[in-house]
Amino acid sequence: MTLFERSEAIFEDENILHDDYQPESLEERDEELEQYTAYLQPVINGSQPRNIFLYGKTGVGKTAVTKYLLHHLEEDAKQYDDLTVTTVYLNCEDLTSSYRVAVELVNTLRDPSEQISRTGYPLNAVYEKLWAELDQIGGTVLIVLDEVDYIGDDDSILYQLPRARSNEKIEHARIGIIGISNDFKYREKLDPRVEDTLCERELHFPPYDANELQNILEKRAALAFKDEILEGDVVPLCAAFAAQDKGSARQGLDLLLEAGDLARRRNDPVVTEDHVREAKQLLEKQRIEESMKELTSHGHLTLLAVVTSTIADSSQAPFQKQQLYEQYHDLAVATNRDPLGGRAFHNHLAELSMLGILDRTKRNEGRGGGIYYEYEIDVPIDAALSTLENLHMSGELDLESLRQNAEDQDFL
DNA sequence: TATCCACTGGAATATGTGGTCG
DNA sequence: CGACCACATATTCCAGTGGATA
């Protein structure tokens, strides 16, 4: 019996479809590129850089254009002896406070052997360390804060960084900030003083339309796949899916990659439309499983409460908070956990709804009824169940008989 | 039109964890 | 060790909410 067999060669180089791939040239972003270059011109002239704020939905090229330009900027700066340009890129998606951002900046600038921890220091102590690091680098330092909106209400770092030099915290470095956000409303939430400085220059990235997407995907696909591998409608279909959803190139590329991978696993000689459709479902499922894994154990129990209630009596769905709370309470006791109070439970339900795992409908029954939400599971029960089974609670709870029960009732 | 229900969701406060520093 | 720091999660408290109904 043959265990291993070489699969059909589908990809020329699949890395070209990955998130971190840097293309040689950028498609469909000429205007933005030109404007952006102009904004960065002061850096080459050796004067104080302007702060730049970029906004636009996910996957419209903000990060790609930034990395592309900064790379060139660093290279081109080398021809001038009196100019040193350093760029620092930081994604703030896990950094929910100015403190965290400051710590992370210090750590990216420092040698791996001298990292500092995420808590423990007073805020000012961290800033002091940061100024010291920046001063040591000197020259022009451009700091890219991707997804700045994740920093939240505490924007002191956005206030401190641009002013560090004029406040005489640092002497040798000129700091420029490039903030990237997919939420334009974020700007309005900023402290006015911060808004003034951070948004000195701003650049909007509109979503791609289906044609632009198709062009982008075609360019990449030509490099990533071997010739004659993609059936004619594959790229347009990926482009169409991505365009109707968010106009995100990222999404289209993910789709292409997954479809190709699917064909390879199946040992199919070409990539077809069906692969794309299947890839789309697979990616969506993965997204949801990802977010379910991230939850705390009480989050899982909350989800399980909804699942259990649904299986026990689906004719009752959707459910009201009190009913779910009782179910949750029993599950918590059964697993030797202190059940949370009602308010905290309510928050978990709200979070699950935000993630798209639960569906929430507001109801108002008026006098005698009042205002409340009704919750219903919004992912396949099978998916929820198997994710929960893979988590720590297996063994503590009899999920198997629950699954059996669900099967009997044709839920799966 | 005033009332009333069943929550909702904001805010202040507490608890617990993981850290620094002298 | 004890004082102090940041932060995620919970708890406690409570002022709304808003449409069907008396």
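Order of the sequence lines sets the chain letters (A, B, ...), proteins ahead of strands, with each chain counted from 1.
Nearest nucleotide to the A:S117 side chain, out of C:dA6, B:dT8, B:dG19: B:dG19.
When the side-chain nitrogen and oxygen atoms of A:Y373 are compared with OP1 and OP2 of B:dG9, one or more of them lie within a distance under 4.0 Å. In this structure, A:Q320 does not reach the B:dA6 phosphate: none of its side-chain N or O atoms is under 4.0 Å from OP1 or OP2. Contact between the side-chain N/O atoms of A:T119 and the OP1/OP2 oxygens of B:dT20 is not found at any separation under 4.0 Å.
Contacts of A:I116 with the nucleic acid, taken as non-hydrogen atoms under 4.0 Å apart, are absent. Residue-level contact check: A:R360 touches the backbone only, with heavy atoms under 4.0 Å from sugar-phosphate atoms and none from bases. Using a 4.0 Å heavy-atom criterion, one finds that A:R100 contacts the sugar-phosphate atoms exclusively.
A salt bridge links A:E389 to A:R403: at least one charged side-chain nitrogen sits closer than 4.0 Å to a carboxylate oxygen. A salt bridge does not link A:K280 to A:E284: none of the charged side-chain nitrogens sits closer than 4.0 Å to a carboxylate oxygen.
The shortest heavy-atom contact between A:A384 and A:V379 is CB-CG2, 4.1 Å.
Checked by atom type, the side-chain pair A:H300/A:S297 shows no donor-acceptor distance below 3.5 Å. At a cut-off of 3.5 Å, with distance as the only test, a side-chain donor of A:S315 or A:D313 sits close to an acceptor on the other residue. A:N45 and A:Q41 share a side-chain donor-acceptor pair at under 3.5 Å.
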Sugar-phosphate means primed atoms, P, OP1 and OP2; the rest is base. With that split, encode nucleotides 10-22 of chain C 5' to 3' as B, S or - using protein heavy atoms under 4.0 Å. SSB----BBBBB-
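Spacing between atom OH of A:Y150 and atom C1' of C:dA8 amounts to 17 Å, rounded to whole angstrom units. Atom CG of A:D338 is separated from atom P of B:dA14 by 20 Å (rounded to the nearest Å). If you take CD of A:E351 and C1' of C:dT9, they are 11 Å apart, rounded to a whole angstrom. In this structure, A:H346 places its NE2 atom 11 Å from P of B:dC7, rounding to the nearest Å.
A ring-centre distance under 6.0 Å is not found for A:Y55 and A:F205.
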